[in-house]
Amino acid sequence: MPELPEVETVKRGLTAPLLGASLDHVTLFRPNLRYDFPKDFASRLNGRRVLSLERRAKYLLIALDSQDIWVTHLGMTGRFKVHGADEAHTKHAHMALHFSPKAGGGSGQLSYIDPRRFGFMLLLSPDELYQATWYASLGPEPLSEAFSGDYLYEALKTKTSSIKALLMAQGLVCGLGNIYVCEALFAAGLHPEASGKTIGREACHDLVVAIKAILSRAIEAGGSSISDFAATSGELGYFQHQFSVYDRKGCACIRSGCHGVIERRVHQGRSSFYCNGCQKI
DNA sequence: CAAAGCTCCTGACCGC
DNA sequence: TGCGGTCAGGAGCTTT
């Protein structure tokens, strides 16, 4: 399930083949993912050149020389795969794109594969993107300086929702999903159901440090490969082997001196994993 | 307005 | 072995 480190891994993997490349021919194998593909999607991509690839939150932003920005969200199981131009597409491939790399050397193919189809793609002008409510309401990037302990403390002090729900909502800080929120809350010693406004300034500082550290380590590891995530080369990330709590129900807490056990509990339809010894409300 | 609930989808997994 | 039921989960939308 792609969160910030997985999308960052995809962006880095796509940059070498796609930056400066010409998009020669787009084929859609169905009319929609989570939403319909944009009207004229293929014709607006065909013949364009890629000017830049960026990531914002969990969105991949590919700027084209037509001024359009091709926005992709990978949802739960979306992934891009770069492969040979003649290679047949696999099951659940919903889009294929033949491209000519900037450096020459023939052509390649980019496939978008998404079994559950929770992903989606948009094609927007910069104004449309920046003015879109969903985009404008994204919180700061967690790895930016704007995301500080003081910022988090000020943002939390009026919130009654649980810290877990707040961190996952994208408006306070973006890019986090269930896995990295569970891991960060463990690292900071905070209970997932603790109300936002009960978290003090020092704990906010610790939490910010934990979030930045975990995301950085996960990016270095090429993300976490659970569910279907893989890099564009097909290579798997390996951060899932470093989880402290996620999917470790019943395991002993790894924190030295803690004799707690990892519990799994569902709140708000999402599973939380936390240590019953060192993560107190 | 804030917060909680619902919804989309299909592969994996479980119990019988 | 096969079948049906349940679950996972991002984020926009709806309801409270």
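This is a predicted model, so every value here is computed, not measured. Residue numbering restarts at 1 for every chain, and letters A, B, ... go by the order of the sequence lines.
To the nearest angstrom, C1' of dT10(B) lies 7 Å from NE2 of H92(A). Rounded to an integer number of Å, the gap from L33(A) CG to dA11(C) P is 15 Å. Distance, R30(A) CZ to dC8(B) P: 15 Å, rounded to whole Å. Going from atom CG of D247(A) over to atom C1' of dA12(B) covers 12 Å, rounded to whole Å. In this structure, R117(A) places its CZ atom 19 Å from P of dG12(C), rounding to the nearest Å. Separating the CE atom of M76(A) from the P atom of dT7(B) is a distance of 18 Å, rounded to the nearest angstrom. In this structure, CG of L156(A) is placed 11 Å from P of dA3(B), rounded to the nearest angstrom. Computed from coordinates, the L176(A) CG to dA11(C) C1' distance equals 14 Å when rounded to whole Å.
Taking D36(A) as the reference, nothing meets the salt bridge (charged side-chain N to carboxylate O under 4.0 Å, His left out) condition, with sequence neighbours excluded. Listed by chain and number, the residues in a side-chain contact (heavy atoms from CB on, under 4.5 Å) with R30(A) are N32(A), H94(A), R117(A) (sequence neighbours excluded). Remark: K197(A) pairs with T160(A), S195(A) by the side-chain contact (heavy atoms from CB on, under 4.5 Å) rule, at least two apart or across chains. R217(A) is linked by a side-chain contact (heavy atoms from CB on, under 4.5 Å) to I214(A), F239(A), Q242(A), counting only residues two or more places apart in sequence or in another chain. Residues meeting the salt bridge (charged side-chain N to carboxylate O under 4.0 Å, His left out) test with E193(A), sequence neighbours left out: R265(A).
Among dG12(C), dG10(C), dC9(B), the nucleotide with an atom closest to any side-chain atom of E3(A) is dG10(C). For Y35(A), the listed nucleotide lying nearest its side chain is dG12(C); candidates were dG12(C), dA11(C), dG11(B). Ranking dT10(B), dG12(C), dG10(C) by closeness to the Y59(A) side chain, first place goes to dG12(C). Here the side chain of K159(A) is nearest to one of dC8(B), dA3(B), dG11(B), namely dA3(B).
Salt bridge R55(A)/E141(A): present, at least one basic N to carboxylate O contact under 4.0 Å.
Between the side chain of R270(A) and the base of dG10(C), a donor-acceptor pair under 3.5 Å is found.
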Listed pairs under 3.5 Å, donor-acceptor, residues 62-70 of chain A side chains, sequence neighbours left out:
from   : atom 1 : to     : atom 2 : distance (Å)
D65(A) : OD1    : R48(A) : NE     : 2.9
D65(A) : OD1    : R48(A) : NH2    : 3.3
D65(A) : OD1    : R49(A) : N      : 3.1
D65(A) : OD2    : R49(A) : N      : 3.4
S66(A) : OG     : D68(A) : N      : 3.4
D68(A) : OD1    : R44(A) : NH2    : 3.1
D68(A) : OD2    : R44(A) : NE     : 3.2
D68(A) : OD2    : R44(A) : NH2    : 3.4
W70(A) : NE1    : T72(A) : OG1    : 3.4

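Note on H73(A): every side-chain N or O is 4.0 Å or more away from OP1 and OP2 of dG10(C).
For the helix from dA2(B)-dT16(C) to dC16(B)-dG2(C), the angle separating the two terminal helix axes comes to 50°, with each axis derived from five pairs and the value rounded to 10°.
The ring-ring contact (aromatic ring centres under 6.0 Å, His included) pairs that include a residue from residues 137-171 of chain A number zero, where partners must be two or more places apart or lie in different chains.
The only member of L33(A), L28(A), T27(A), D114(A) that meets side chain to side chain contact (heavy atoms under 4.5 Å, CB included) when paired with M95(A) is L28(A).
Residues from residues 160-170 of chain A placing a heavy atom under 4.0 Å of any atom in DNA chain C, listed by number, are M168(A), Q170(A).
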